[in-house]
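A short write-up of the structure that comes next.
Here is the naming used below: chain letters follow the sequence lines, and residue numbers restart at 1 for every chain. On a predicted model such as this, the values are computed, not experimentally measured, just so you know.
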2 protein chains.
Amino acid sequence: MSNSAPATIEDVARLAEVSIATVSRAIHMPDKVAKSTRQRVNQAIAITGYTTNAMARSLRMGRSNMILVLAPDIGDPNFSSILIGLENEARAHGYGVLIGHTQNDPERGLEYLKFLSSSQAAGMVLFTGHQPFGHQVVSERLPPSVAVFEPVFDSATPYVGVDDQAGGRKAAEHLLSYGHRRIAFIGDSKTRLGHQRRRKGYDLAMDAARIPANQRMVLDGDGTIESGRLAVEQLFMRDTLPTAFCCVNDATALGVINGLSARGYDLPRDFSVIGFDDVPQATYVKPALTTIRQPRSAIGRQAMALLLQNLGQTGSEHREILILPDLIVRGSVSEPARR
Amino acid sequence: MSNSAPATIEDVARLAEVSIATVSRAIHMPDKVAKSTRQRVNQAIAITGYTTNAMARSLRMGRSNMILVLAPDIGDPNFSSILIGLENEARAHGYGVLIGHTQNDPERGLEYLKFLSSSQAAGMVLFTGHQPFGHQVVSERLPPSVAVFEPVFDSATPYVGVDDQAGGRKAAEHLLSYGHRRIAFIGDSKTRLGHQRRRKGYDLAMDAARIPANQRMVLDGDGTIESGRLAVEQLFMRDTLPTAFCCVNDATALGVINGLSARGYDLPRDFSVIGFDDVPQATYVKPALTTIRQPRSAIGRQAMALLLQNLGQTGSEHREILILPDLIVRGSVSEPARR
DNA sequence: TTCATAAATGTAAACCTTTACATCAGGGGT
DNA sequence: ACCCCTGATGTAAAGGTTTACATTTATGAA
């Protein structure tokens with residue numbers, strides 16, 4: 001039992017008085033071995049506490065049953081719930097999940113890639129928005145992978161994520177439905193592709209509402225709280241103010257709320273604000289933030305399903321799965337103020 | 001280069017016209033091989049793009065150079081910065097870090113334990129506060145491990161964490177130094193051991209200030225935002241109110257601030273609040289939360305150093321390394337209000 | 001020149017599996 | 001009585017390393 005060295009298949013074989021091959025078969029192809037033998041083997045396994053050495057197994061099989069999830073930032077509020085989706089789906093198929101934290105450091109990414117190439121993991125999920133090795137050219141063939149949350153730049157890696165454009169449109173339409181016409185969009189054209197798509201959704205909604213392009217106030221930030229705060233300051237230097245803020249993400253929206261409150265405005269009476277993502281903080285800010293929710297666990301689930309499915313095939317076709325997000329109504333949107 | 005199968009040590013050996021043993025030596029004990037040979041080998045490695053198969057290596061050596069970090073909740077705001085400390089230290093010693101997400105599910109914990117016992121990882125770091133397999137009895141000898149953030153219940157696992165008692169005392173003393181005498185402690189005696197120690201620190205400070213025990217208002221919550229809010233409600237049903245709230249952690253403090261603001265009070269004029277942990281949100285709440293900061297990266301660094309050091313030895317003595325936390329002064333503490 | 005010794009390299013076993021192939025026994029059909 | 005087939009099991013190779021031990025070569029002293 002609690003011997004110093006863990007039991008090997010040989011220990012089991014000896015105890016059950018069979019060959020190691022039979023033990024292996026009893027485990028993996030139970031119908032190929034006589035019932036009486038199977039019982040003896042199972043007993044021996046129970047007694048020795050044998051558990052198959054995954055390392056040897058993977059070495060022999062040239063494939064492991066672990067999936068590596070590469071995240072640049074573990075702390076990202078979007079990460080953990082997507083992860084749970086990934087894990088649950090993986091688990092249902094007999095796979096385990098390991099997380100690699102790259103901190104956006106190409107060297108670390110490369111390290112984890114080695115982990116994959118020595119088949120300690122069978123495939124990978126990318127949160128990074130780019131290949132984990134930066135722009136270096138990597139000689140090895142990349143393992144099966146799928147991107148999540150943000151498509152991988154300049155690559156045919158399949159992608160599963162929220163339908164940003166539809167979400168952006170939904171957000172803008174929600175504001176429009178309350179009668180807002182002067183709706184500022186606080187965007188972010190640089191850091192993420194998805195953010196550009198959200199902007200596109202906003203434009204589409206404004207087009208449909210027949211609001212001319214020159215009446216739209218579009219500011220470009222970088223998706224941080226600070227950038228939301230800054231946008232407020234910039235807008236207050238103009239002649240006309242918006243009645244509502246359509247923000248590219250919740251962080252920006254939080255910054256906007258912050259800036260507006262600091263100026264003494266009462267929300268949502270004076271201004272309406274809508275975000276995108278539905279981060280945990282959205283509930284606690286005052287007023288609670290109306291936002292578009294990332295369908296996180298669905299993204300995780302579908303991404304893992306896609307990856308697992310692609311593990312078998314060689315040439316997996318490029319695919320993009322977009323999931324429609326829901327509008328979460330809280331307290332930060334109301335009718336425009338009379339002025 | 002970009003052949004289908006990755007290059008093995010044999011490919012390198014063939015190209016360099018030496019035996020595989022020499023290649024291995026050229027890599028791991030360069031001084032044991034003649035300079036000219038070493039050069040040829042290095043060249044061959046460069047050409048083939050060889051990278052040693054970690055799986056085979058670990059199988060042979062019975063030890064890997066990966067450390068597994070087990071976290072019940074990836075989303076915990078304390079997790080990511082401790083992790084970075086862990087990673088940096090590991091990296092400096094040639095180890096990599098993998099994260100296992102247990103979700104407090106003993107089965108998952110057990111799964112990751114198997115990962116360790118087949119020596120896919122050399123040791124583990126526990127964030128869990130308990131052994132990852134719940135209360136099941138596990139036959140195998142546990143791998144070298146170290147606990148972080150929260151000591152492992154009922155076990156001799158070495159622990160590295162903040163000095164909760166000193167921190168709790170520091171917090172209370174800060175309030176006392178502003179002249180507060182009626183200081184409520186919103187605690188949590190159940191979910192974490194560290195929280196009890198913080199309470200102890202509060203008591204020590206109050207003792208030193210000669211405030212009799214029957215004048216202390218101590219409420220017991222569970223360390224959540226909700227529990228902070230609730231504590232406010234309960235206190236307002238009493239005759240005497242505190243002038244300050246000493247909270248067992250930031251979540252509780254956030255709840256308290258929330259509850260107080262909801263009742264229309266102006267902080268910190270009407271009440272002072274202090275937290276513990278310094279979570280990211282502490283900066284954004286209004287007023288910004290004065291708190292005791294978890295020395296997160298130091299914890300990570302020292303924990304990994306301890307683990308790595310214990311990898312060699314067999315019987316590692318039980319040790320507890322406590323790191324003194326700093327007080328972070330923001331805006332939620334001031335003199336007590338005149339009433 | 002001849003040994004003894006050190007330095008450099010090679011050979012082969014071991015780590016723990018999985019699995020193709022070989023073997024063996026027994027059963028059913030002729 | 002013989003053959004063929006099936007089902008159950010065993011044998012051994014392979015997967016990519018590291019390393020103890022064996023072997024070869026070079027070095028220096030006598």
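For B:L59, the side-chain atoms get nearest to D:dG16 when compared with the rest of C:dT17, C:dT9, D:dG16. Here D:dG16 is the nucleotide among D:dG16, D:dG10, C:dT11 with the atom lying nearest to any side-chain atom of B:T8. In the set C:dT9, D:dG16, C:dT17, the nucleotide with an atom closest to the side chain of A:N53 is C:dT17. You'll find that the side chain of B:R25 is closest to C:dT9, out of C:dT18, C:dT9, C:dC16. The side chain of A:A56 has C:dC16 as its nearest neighbour among C:dC16, C:dG10, D:dA8.
If you check every strand for non-hydrogen atoms under 4.0 Å, A:S118 touches nothing. Base engagement by A:S24 is indicated by at least one non-hydrogen atom pair under 4.0 Å involving a base atom. At a threshold of 4.0 angstrom between heavy atoms, the contacts of A:A21 include nucleobase atoms, whether or not backbone atoms are also involved. Note on B:T37: only backbone sugar-phosphate atoms sit closer than 4.0 angstrom, heavy atoms only; bases stay farther off.
Rounding to whole angstrom units, CZ of residue A:R60 and C1' of D:dG15 are separated by 7 Å. Remark: P of D:dT17 and CE of A:M55 are 13 Å apart, rounded to the nearest angstrom. Per the geometry, CD1 belonging to B:I20 stands 18 Å off P belonging to D:dC21, to the nearest Å. Residue B:I9 contributes atom CD1, which lies 14 Å from atom C1' of C:dT9 at whole-angstrom precision. Remark: P of D:dG10 and CD of A:E10 are 13 Å apart, rounded to the nearest angstrom. Per the geometry, CE belonging to B:M29 stands 12 Å off C1' belonging to C:dA8, to the nearest Å. When the C1' atom of C:dG10 is taken as reference, atom NZ of B:K32 falls 16 Å away, rounded to whole Å. Here C:dT9 presents its C1' atom at 19 Å from NZ of B:K35, a figure rounded to the nearest Å.
B:R296 and B:N78 form a side-chain donor-acceptor contact under 3.5 Å, judged by distance and modelled atom types alone. With hydrogens and angles left out, the side-chain atoms of A:Q103 and B:E87 include a donor and acceptor closer than 3.5 Å.
If B:M61 and B:R38 are placed on DNA chain C by their nearest nucleotide, the residue sitting closer to the 5' end is B:R38. Taking the nucleotide of DNA chain C with the nearest heavy atom to each of B:E17 and A:H28, the more 5' of the two is matched to B:E17.
Here the shortest heavy-atom pairing between A:A13 and A:V23 reads CA-CG2, 3.7 Å. Heavy atoms only, all atoms of each residue included: B:A303 and B:V146 are closest at O-CG1, 3.8 Å. When every heavy atom of A:V125 is checked against every heavy atom of A:M304, the shortest pair comes out as CG2-CE, 4.3 Å.
Between C:dG10 and B:T22, a contact under 4.0 Å exists linking OP1 or OP2 to a side-chain N or O.
At a threshold of 4.0 Å, the pair A:E150-A:R192 counts as salt-bridged, since one of the basic side-chain nitrogens sits closer than that to a carboxylate oxygen.
Between the side chain of A:R57 and the base of D:dG15, no donor-acceptor pair of N or O atoms lies under 3.5 Å.
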